[in-house]
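Working notes, beginning with the structure itself.
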Amino acid sequence: MSEVSKQLLQGTTKQNPMPAALMLEDGTYFAGTRCGATGEVYGEICFNTSLEGYLEVLTDPSYAGQIVTMTYPQIGNYGVSLDDVQSASPALSGLVVRDMCAHPSNWRSGLSLPEFLKMKGIVALEGIDTRALVRHVRDNGAMRAVLSTEDVSPESLLAKVRASAQLVGENHVQRVSCDEPRAVGPADLPEGHKFAVTESEPGRYKVVAYDCGAKESILQNLVRCGCDLTVVPWDTPAEEVLAMNPDGVFLSNGPGDPEAVDGTYTQVEKLLGQVPIFGICLGHQMISKASGADIEKLKYGHRGGNHPVMNLRTGRVEITAQNHGFGLVWPTLGNLIPNLSGGFKNHQPDLRFWARAKVAPVVDNPRFGRIQLTHVNLNDGTPEGIAFLDIPAFSVQYHPEASPGPTDAHYLFTAFTRLMDGREDYLDIDIAKDRLAGWNFSSEAKGVQNA
């Protein structure tokens, strides 16, 4: 950095910048400055397209083993409210941003994002062209990376990153799951959220939740819709879960390669057909694995709060929050049943075909009977949700709790309670009405609509 640049920075919040660097395994190098803790970290480079919700992204256990790039240019402008964290200890490897705001403006903010990063030991880099980085990942796919404030030598960093571990095959779930069962109830809901959300419904359903890296807001949404939760470790035996006599079982989100999480999906195989089950994200992949399906690694994954998904049963489009790098290969669940699939006999490589045909196709699964494709990603035609027609179970690939993201998919929590009630139409919900459920502004919004 030139002396003129240093002098200009003295009058800003970017005083005394310390060098930092990012190196990808293909030799792509970015030099910037430190904006968090010091150190050197390794992980898979990925990007998130959300315009807000950086704190929820940072504290989402599903990012274990990854270096996250935020595509929105300025991060940290509304600071940090600890009521919004999704886990006590962030699991991501590092953070990359274009510009970090050190002086936030927000009535809920308790500290700045740089302060939070240093407090939690999160290595972070700013001052690079994140547009160029994201385009490179989109074109070339996810890959290993090293982020360092200690070593900025391109030659040294390239040798280090090429010697680092791959994400594929790693079981990151075991390090972010809880160690012992714990109860989650109304008393655990954040006080700081009461200005925005209504009181939780009385507990009507006894639910066991597998913690594969669960976001706290997802558990809180289950509580708000009337679930008494017992959260259990990722590899809890199915026999122990059934012994609790639950009304339903929830399978949470989580990080990494689902193939490596056999401690969960082997138990799910025993639970399917025994109790109503709802899975999201990694939980969706666990249900898919338990049904004998193949899982593929996506080129660069889905991460952000703006992914359009069509519910094939209702024809409604949801704008969803997503965070995953792997996905279900829909045809491997079984052969199509033509008379339940609009007369079509063959699988389609791009599942947007079914959105255009206005058909929710059904396959014959050798293990669990008929399974319906319920949701499709409208960006790339990948599967986003399935429902079992012969047993009480369904799952989606995205995050329905709006932390961060829109509330379009909130209805899935309502659908879970309807599934536990034994309703066959549990997924057929008007999302335009349900998206307002549980919010203090819902009555005001309805008043505006009726005006």
Side-chain angles (χ1 to χ4, degrees), residues 1-52 54-55 57-58 63 65-77 79-80 90 92-104 112-140 142-162 164 300 303-304:
M1 183 179 294
S2 69
E3 287 300 322
V4 173
S5 297
K6 291 179 181 179
Q7 291 176 14
L8 290 173
L9 288 174
Q10 290 305 308
T12 73
T13 61
K14 310 293 184 182
Q15 299 177 22
N16 304 316
M18 294 180 59
L22 175 73
M23 173 63 80
L24 309 188
E25 67 174 292
D26 67 354
T28 305
Y29 177 79
F30 294 89
T33 57
R34 174 176 72 88
C35 58
T38 59
E40 186 170 285
V41 293
Y42 300 83
E44 182 182 71
I45 191 71
C46 67
F47 60 88
N48 186 293
T49 57
S50 295
L51 303 185
E52 48 78 38
Y54 50 80
L55 180 62
V57 169
L58 282 168
Y63 280 111
Q66 294 180 311
I67 297 172
V68 182
T69 304
M70 300 299 296
T71 62
Y72 190 73
Q74 186 177 67
I75 300 299
N77 58 316
V80 168
L92 82 170
S93 295
L95 177 69
V96 178
V97 302
R98 176 68 184 90
D99 179 64
M100 177 68 72
C101 178
H103 295 282
S112 72
L113 183 55
E115 290 173 330
F116 179 80
L117 295 173
K118 293 172 185 176
M119 180 176 72
K120 295 296 185 179
I122 301 172
V123 179
L125 164 74
E126 71 170 325
I128 71 166
D129 187 346
T130 50
R131 295 171 302 176
L133 172 58
V134 170
R135 282 197 298 268
H136 186 78
V137 175
R138 282 180 60 91
D139 291 342
N140 297 279
M143 63 187 80
R144 292 171 294 174
V146 56
L147 173 58
S148 181
T149 65
E150 301 171 344
D151 179 1
V152 295
S153 165
E155 296 77 14
S156 173
L157 291 176
L158 183 57
K160 290 177 180 178
V161 70
R162 288 180 173 173
S164 64
Y300 49 80
R303 297 177 181 90

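- Looking only at side-chain heavy atoms (C-beta outward), L133 and L22 come within less than 4.5 Å of each other.
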Query - Trace of the side chain to side chain contact (heavy atoms under 4.5 Å, CB included) decision for T69 with I45 - result: CA-CA 7 Å; T69 304; I45 191 71; 3.6 Å; yes

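- A heavy-atom distance below 4.5 Å is found between the side chains of V57 and V68.
- Residue P114 comes nearest to C101 through the heavy atom pair CD-O, 3.5 Å, listed as atom of the first residue, atom of the second, then distance.
- Using a 4.5 Å cut-off on side-chain heavy atoms (C-beta onward), V97 and C35 make contact.
- Every side chain to side chain contact (heavy atoms under 4.5 Å, CB included) that D151 has, sequence neighbours left out, goes to E40, S148, S153, S156, L157, K160.
- In plain terms, the two heavy atoms of P90 and K120 that are nearest each other are CD-CD, 3.9 Å.
- Taking 4.5 Å as the limit, every side-chain heavy atom of H103 sits out of range of all side-chain heavy atoms of S112.
- Here the options are L24, V161, I67, the test is side-chain contact (heavy atoms from CB on, under 4.5 Å), and the partner is R144; only V161 passes.
- When all heavy atoms of S50 and M70 are compared, the pair lying nearest together is O-CE, 4.1 Å.
- When atom types are taken as modelled, the side chain of Y42 and the backbone of G65 share no donor-acceptor pair closer than 3.5 angstrom.
- Distance alone, capped at 3.5 Å, places no donor-acceptor pair between the R34 side chain and the P19 backbone.
- Taking each heavy atom of P154 and M23 in turn, the nearest pair found is O-CE, 3.3 Å.
- For H136 and D26, the side-chain atoms include at least one donor-acceptor pair closer than 3.5 Å.
- When every heavy atom of R303 is checked against every heavy atom of F47, the shortest pair comes out as CB-O, 3.2 Å.
- Two residues are said to be in side-chain contact when any heavy atoms from C-beta on lie closer than 4.5 Å; Q66 and S93 fail this criterion.
- Partner of M100 under the side-chain contact (heavy atoms from CB on, under 4.5 Å) criterion, out of N77, T33, L95: L95 alone.
- Remark: L58 CG to L92 CG distance equals 5.5 Å, nearest 0.5 Å.
- The shortest heavy-atom contact between A20 and L125 is CB-CD1, 3.6 Å.
- Of the inter-residue distances, the one linking M18 atom CE with T38 atom OG1 reads 6.5 Å to the nearest 0.5 angstrom.
- I128 has its side chain out of reach of R98: every pair of non-hydrogen atoms, C-beta onward, lies at least 4.5 Å apart.
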Report task. Might you work through the side chain to side chain contact (heavy atoms under 4.5 Å, CB included) test for N140 and Y300, ending with a clear yes or no? Result -> CA-CA 8 Å; N140 297 279; Y300 49 80; over 6 Å; no

Requested in this report: Could you check F30 against L147 for side chain to side chain contact (heavy atoms under 4.5 Å, CB included), going step by step and ending with a plain yes or no?
Outcome: CA-CA 10 Å; F30 294 89; L147 173 58; over 6 Å; no

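- Between T71 and T130, the closest side-chain pair of non-hydrogen atoms is not below 4.5 Å.
- R135 CZ to R138 CZ: the interatomic distance, rounded to the nearest 0.5 Å, is 10.5 Å.
- Using a distance-only test at 3.5 Å, with no hydrogens or angles considered, a donor-acceptor pair links the side chain of Y54 to the main chain of G79.
- Here the side chains of E52 and Y72 are not in contact, with every heavy-atom distance at 4.5 Å or above.
- In the model, N48 has a side-chain atom that pairs as donor or acceptor with a side-chain atom of Y63 under 3.5 Å.
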